[in-house]
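Beneath this line is the structure, given in structure tokens, with notes to follow.
Side chains are part of it too, since the values below use all heavy atoms of this structure and drop only hydrogens, waters and symmetry mates.
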Amino acid sequence: MVKTILIVDHESNLTSALGFLLEQSGFRVVLASTCAQAEAAMNEACPDMAMVNTTLPDRSGYDLCQRLLAVAGAAGLPILMLTSHSLQVEREKAFSMGATDFIVKPFDPATILGRVRALASGAA
């Protein structure tokens, strides 16, 4: 069964590259650049996991993390937070909002793919 990954990031170069990497690895990818688009995609695509940038144009990614987890049936949705901030406080905030994992940009494609595979399979 093909797993669906929701990528929420306003950086189109990053989402394109991540989308390509994940699709080439057998995942179905749904892209969103705003919280509003992500919430609509959540209802339509029913993703198996989400990758969310901490900084989005219409709200914070942390807020989106909480909102995605509040959607009926999504309480166990794995969420990988993406950020360019390497401060420990950012990591702690992500986990306190319900994120499953946290990665700092730039990241190695093999690292991100390994994390996505683990989260999407429920092994994390």
Side-chain angles (χ1 to χ4, degrees):
M1 182 175 181
V2 175
K3 299 285 185 171
T4 300
I5 312 299
L6 171 61
I7 302 174
V8 187
D9 199 314
H10 62 284
E11 297 177 31
S12 60
N13 290 341
L14 177 72
T15 56
S16 295
L18 278 174
F20 179 79
L21 173 69
L22 295 174
E23 286 174 345
Q24 293 299 307
S25 299
F27 293 99
R28 177 176 172 254
V29 175
V30 177
L31 302 176
S33 59
T34 66
C35 293
Q37 289 175 355
E39 289 180 64
M42 187 73 184
N43 293 325
E44 294 170 17
C46 300
D48 297 292
M49 76 160 286
M51 301 172 71
V52 178
N53 189 337
T54 59
T55 307
L56 296 168
D58 55 345
R59 281 196 315 265
S60 86
Y62 300 112
D63 179 52
L64 178 62
C65 178
Q66 286 188 307
R67 293 175 67 89
L68 292 179
L69 291 172
V71 172
L77 179 74
I79 297 178
L80 173 61
M81 297 298 290
L82 308 171
T83 185
S84 56
H85 307 287
S86 61
L87 300 173
Q88 181 63 25
V89 69
E90 296 290 328
R91 181 181 302 275
E92 291 169 4
K93 185 174 182 180
F95 289 125
S96 73
M97 297 294 174
T100 312
D101 202 353
F102 182 93
I103 193 164
V104 178
K105 302 177 203 177
F107 38 75
D108 176 66
T111 300
I112 196 79
L113 186 56
R115 291 195 185 181
V116 168
R117 283 182 174 145
L119 290 170
S121 71

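Atom CD in Glu90 sits 6.0 Å away from atom CZ in Phe102 (nearest 0.5 Å). Put simply, CG on Leu69 and CE on Met97 are 11.0 Å apart, with the number rounded to the nearest 0.5 Å. One distance of note links NZ of Lys93 with NE2 of His85; it measures 10.0 Å at 0.5 Å rounding. Atoms OG1 and CZ, on Thr111 and Arg115 in that order, are 7.0 Å from each other to the nearest 0.5 Å.
Residues Ile112 and Met51 form a side-chain contact, since some pair of their non-hydrogen atoms from C-beta on lies under 4.5 Å apart. A heavy-atom distance below 4.5 Å is found between the side chains of Leu22 and Val116. Counting only heavy atoms from C-beta outward, the side chains of Val71 and Leu77 never approach each other to under 4.5 Å. No side-chain heavy atom of Thr34 sits less than 4.5 Å from a side-chain heavy atom of Arg59.
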Using residues 24-33 as the side-chain source, report each donor-acceptor pair under 3.5 Å to any protein atom, sequence neighbours left out, with the distance given to one decimal.
{"residue": "Ser25", "atom": "OG", "partner": "Leu21", "partner atom": "O", "Å": "2.9"}
{"residue": "Arg28", "atom": "NH1", "partner": "Thr4", "partner atom": "OG1", "Å": "3.3"}
{"residue": "Ser33", "atom": "OG", "partner": "Gln37", "partner atom": "OE1", "Å": "3.0"}

Distance-only criterion, 3.5 Å: show the donor-acceptor pairs between side-chain atoms of residues 5-14 and protein atoms not counting sequence neighbours.
{"residue": "Asp9", "atom": "OD1", "partner": "Glu11", "partner atom": "N", "Å": "2.9"}
{"residue": "Asp9", "atom": "OD1", "partner": "Asn53", "partner atom": "ND2", "Å": "3.0"}
{"residue": "Asp9", "atom": "OD2", "partner": "Asn53", "partner atom": "ND2", "Å": "3.1"}
{"residue": "Asp9", "atom": "OD2", "partner": "Lys105", "partner atom": "NZ", "Å": "3.0"}
{"residue": "His10", "atom": "ND1", "partner": "Thr55", "partner atom": "O", "Å": "3.0"}
{"residue": "Glu11", "atom": "OE2", "partner": "Lys105", "partner atom": "NZ", "Å": "3.1"}

- Dump the intermediate steps for side chain to side chain contact (heavy atoms under 4.5 Å, CB included) on Leu68 and Val52, then the final yes or no. CA-CA 10 Å; Leu68 292 179; Val52 178; 4.2 Å; yes

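Taking every heavy atom of both residues into account, Leu64 and Ala38 meet most closely at CD2-CB, 3.8 Å. In plain terms, the two heavy atoms of Cys65 and Met81 that are nearest each other are CB-SD, 4.1 Å. In this structure, Cys35 and Ser60 approach most closely via the heavy-atom pair SG-O, 4.0 Å. For the pair Leu56 and Gly61, the tightest heavy-atom approach, listed with the atom from each and the gap, is CD1-CA, 3.9 Å.
Through direct or indirect side-chain contacts shorter than 4.5 Å among Ile, Leu, Val, Met, Phe, Trp and Tyr, Val89 is connected to Leu87.
By the side chain to side chain donor-acceptor pair (under 3.5 Å) test, Asp58 is found to be paired with no residue, residues two or more places apart in sequence or in another chain being considered. Annotation: side chain to side chain donor-acceptor pair (under 3.5 Å) contacts of Glu23 (sequence neighbours excluded): none. Evaluation of the side chain to side chain donor-acceptor pair (under 3.5 Å) rule for Glu44 yields no partner, not counting sequence neighbours.
By the criterion of side-chain heavy atoms lying less than 4.5 angstrom apart, applied directly or through intervening Ile, Leu, Val, Met, Phe, Trp or Tyr residues, Phe107 is grouped together with Met49 in one hydrophobic cluster. In the hydrophobic clustering of this structure, Phe20 does not group with Ile103; members are Ile, Leu, Val, Met, Phe, Trp, Tyr whose side-chain heavy atoms approach within less than 4.5 Å, directly or through other members.
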